[in-house]
Amino acid sequence: MRLVLVNTNQLVPPIAPIGLDYVSEAVRAVGHEVALLDLCWEADWRAAVAAHLACNDAGLVGMTLRNTDDCMLAGQRSYLDEFGEMVRWVRQHTDAPVVIGGVGFSVMPTEVLARCQADWGIRGDGEFVLPLLANRLARGSDWTDLPGLVWRDGAVWRQNPPAGPDVRGLPTMRRTGVDNRRYYDQGGQIGFETHRGCPGSCTYCADPLAKGKAVRLRPPQAVADEVEALLAQGIDHLHTCDGEFNLPAEHAVEVCRELARRGLGARLRWYAYCTPSPFSVELAESMRRAGCVGINFGADSGDPGMLGRLGRDFGPEAIEDAVEACRRAGMATMVDLLLGSPGESEASLRRTIAQMQRVRPDRVGVSLGVRLYPGTALMRQVTADPARRGLIGGPEAADPLYYLEPAVADSAVDLLISLIDGDPSFFFAPAGIERDYNYSDNRLLVEAIAQGYRG
């Protein structure tokens with residue numbers, strides 16, 4: 001069977017669709033053909049879809065949704081209407097069934113399917129389920145028991161639980177499914193993955209919804225093989241796609257050791273998302289030897305009470321220790337803050353900014369307002385309030401919905417601006433401020449990449 005895989009993400013600067021890259025490898029490994037239609041590069045996506053499907057006799061079309069929206073209260077830009085339009089346009093140009101997937105879909109599957117005309121969705125690991133679906137369709141077999149499959153059965157949604165398969169069963173990832181070199185040239189870096197799943201209990205986070213809470217580890221050798229495949233394509237600036245690279249820390253050290261053992265640390269510059277705890281001096285030194293040059297710590301707050309309310313299992317001192325360990329190892333650091341969740345006060349905002357000014361990471365990302373996702377503990381908490389105070393956005397289920405603590409809603413922007421007071425290490429741009437730290441359509445970043453900046 002021939003599968004047409006469609007990348008619908010047209011975000012600028014472009015981000016390589018690592019999920020489609022992995023899926024195409026898995027589909028080919030079981031004997032099916034893959035034809036990729038990458039709409040990222042198409043000025044007229046409608047014409048591109050029509051032309052591609054006219055030239056490719058598809059037995060199944062797979063479409064990926066990376067982002068449901070821009071995840072910023074200041075922007076509140078949803079991508080679902082355009083995605084739904086793309087799915088409907090595909091249906092007009094082929095009789096093949098359409099299945100959708102991707103992290104954006106997996107976060108809110110029924111809400112996304114309700115916006116489009118796809119036959120099915122795959123929640124979770126598409127690399128394992130899409131080849132099985134293709135096999136069943138080719139044989140005319142029943143598909144209703146496939147793990148992670150979501151579809152509408154009349155007036156009822158059917159959702160099979162994701163299987164959470166062992167990712168050690170993935171084929172060798174040669175990273176040839178998409179034009180990674182073009183994405184590197186125009187996007188500045190390429191992603192790679194060392195594990196899936198996150199055991200954390202952060203109240204707001206959608207990662208466990210999309211990838212599961214059980215951590216599934218890729219063998220360090222497989223990770224290093226993939227990195228070497230990217231290096232062979234002339235790509236030497238990478239970024240981890242793990243929720244938190246250092247969960248678990250032992251596996252992170254093993255991956256770093258394998259990269260260093262192969263001598264890749266001197267040939268690479270890579271960056272990682274990490275949690276401030278557990279983060280040891282040993283891990284920092286191992287990452288640096290393996291070629292890591294920068295870490296983004298998702299800290300959320302510098303206030304002990306707020307960290308507890310957000311479900312974080314560390315205190316402010318862990319943030320300080322992690323930044324210091326990186327500084328000694330020679331790696332740049334950024335700390336991301338998520339402000340305005342339930343219980344936030346002017347006092348907690350002051351404590352958080354004061355801690356960042358004391359710790360002095362290289363950059364501090366300040367996000368005011370928390371994106372609410374269906375199925376998260378925070379969504380259940382705030383929507384249990386009959387008055388629904390603090391909610392911003394909607395009204396439909398898939399529309400971006402945010403929470404901003406009413407106690408600081410009117411004062412937080414002015415307070416944060418006064419506390420930051422022009423410090424260039426802070427990235428903070430609420431609505432109405434000229435500076436733009438939203439990745440989507442960021443022209444300054446596009447121009448920097450065009451001038452040769454990477455990473």
Side-chain angles (χ1 to χ4, degrees), residues 13-22 24-25 167-168 170-196 217-274 279-297 322 325-334 362-363 445 448-455:
I15 299 176
I18 185 173
L20 274 191
D21 211 349
Y22 285 2
S24 64
E25 196 76 59
V167 293
R168 291 176 296 183
L170 290 171
T172 300
M173 292 300 163
R174 295 170 293 184
R175 302 302 301 271
T176 57
V178 303
D179 190 348
N180 282 298
R181 182 56 201 241
R182 185 176 183 182
Y183 274 103
Y184 177 66
D185 290 340
Q186 297 189 35
Q189 61 188 14
I190 295 294
F192 70 106
E193 186 181 57
T194 72
H195 69 271
R196 288 188 192 167
L217 308 177
R218 295 187 66 199
Q221 296 79 11
V223 175
D225 288 344
E226 181 177 337
V227 168
E228 286 189 322
L230 290 169
L231 273 170
Q233 299 175 44
I235 298 167
D236 56 7
H237 286 71
L238 308 176
H239 201 299
T240 60
C241 293
D242 315 315
E244 306 284 11
F245 174 70
N246 58 324
L247 288 181
E250 298 82 4
H251 181 255
V253 170
E254 290 175 5
V255 169
C256 290
R257 286 173 177 166
E258 182 63 19
L259 294 175
R261 186 187 69 79
R262 299 192 190 190
L264 301 180
R267 301 172 58 194
L268 287 170
R269 291 175 65 85
W270 58 277
Y271 304 80
Y273 294 118
C274 288
F279 194 90
S280 64
V281 172
E282 177 196 10
L283 176 58
E285 293 173 346
S286 296
M287 292 177 72
R288 186 65 194 94
R289 285 193 294 270
C292 183
V293 294
I295 297 179
N296 187 324
F297 289 106
C326 291
R327 186 176 289 120
R328 291 183 178 182
M331 293 184 291
T333 56
M334 178 167 173
D362 294 281
R363 294 291 184 269
L445 188 53
I449 294 169
Q451 293 169 18
Y453 287 91
R454 296 291 179 265

Can you tell whether the side chains of [X] and [Y] come within less than 4.0 Å, N to carboxylate O?
X: Asp225; Y: Arg175; value: no
X: Arg218; Y: Glu254; value: no
X: Glu258; Y: Arg261; value: yes

- Item | Partner residues of His237 under the ring-ring contact (aromatic ring centres under 6.0 Å, His included) criterion, sequence neighbours left out |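 Applying ring-ring contact (aromatic ring centres under 6.0 Å, His included) to His237 gives none.
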
In a table with atom names and distances, give each donor-acceptor pair under 3.5 Å that connects a side chain of residues 263-271 to protein atoms at least two apart or in another chain.
| from | atom 1 | to | atom 2 | distance (Å) |
| --- | --- | --- | --- | --- |
| Trp270 | NE1 | Ala290 | O | 2.9 |

- Check: Asn246 side chain, Cys274 main-chain N or O, donor-acceptor pair, under 3.5 Å: no

- Query: Asn296 side chain to Tyr273 main-chain N or O, any donor-acceptor pair under 3.5 Å?
  - Reply: no

Working to the nearest 0.5 angstrom, can you tell me the gap between [X] [atom1] and [Y] [atom2]?
X: Asp362; Y: Arg327; atom1: CG; atom2: CZ; value: 7.0 Å
X: Met173; Y: Glu25; atom1: CE; atom2: CD; value: 6.0 Å
X: Arg454; Y: Asp185; atom1: CZ; atom2: CG; value: 6.0 Å

- Query: Is there a side-chain contact between Gln233 and Tyr184, using heavy atoms and a 4.5 Å cut-off?
  - Reply: no

- Query: Taking the side chain as C-beta and beyond, is there a heavy-atom pair between Ser24 and Val178 under 4.5 Å?
  - Reply: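 No, their side chains stay 4.5 Å or more apart.
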
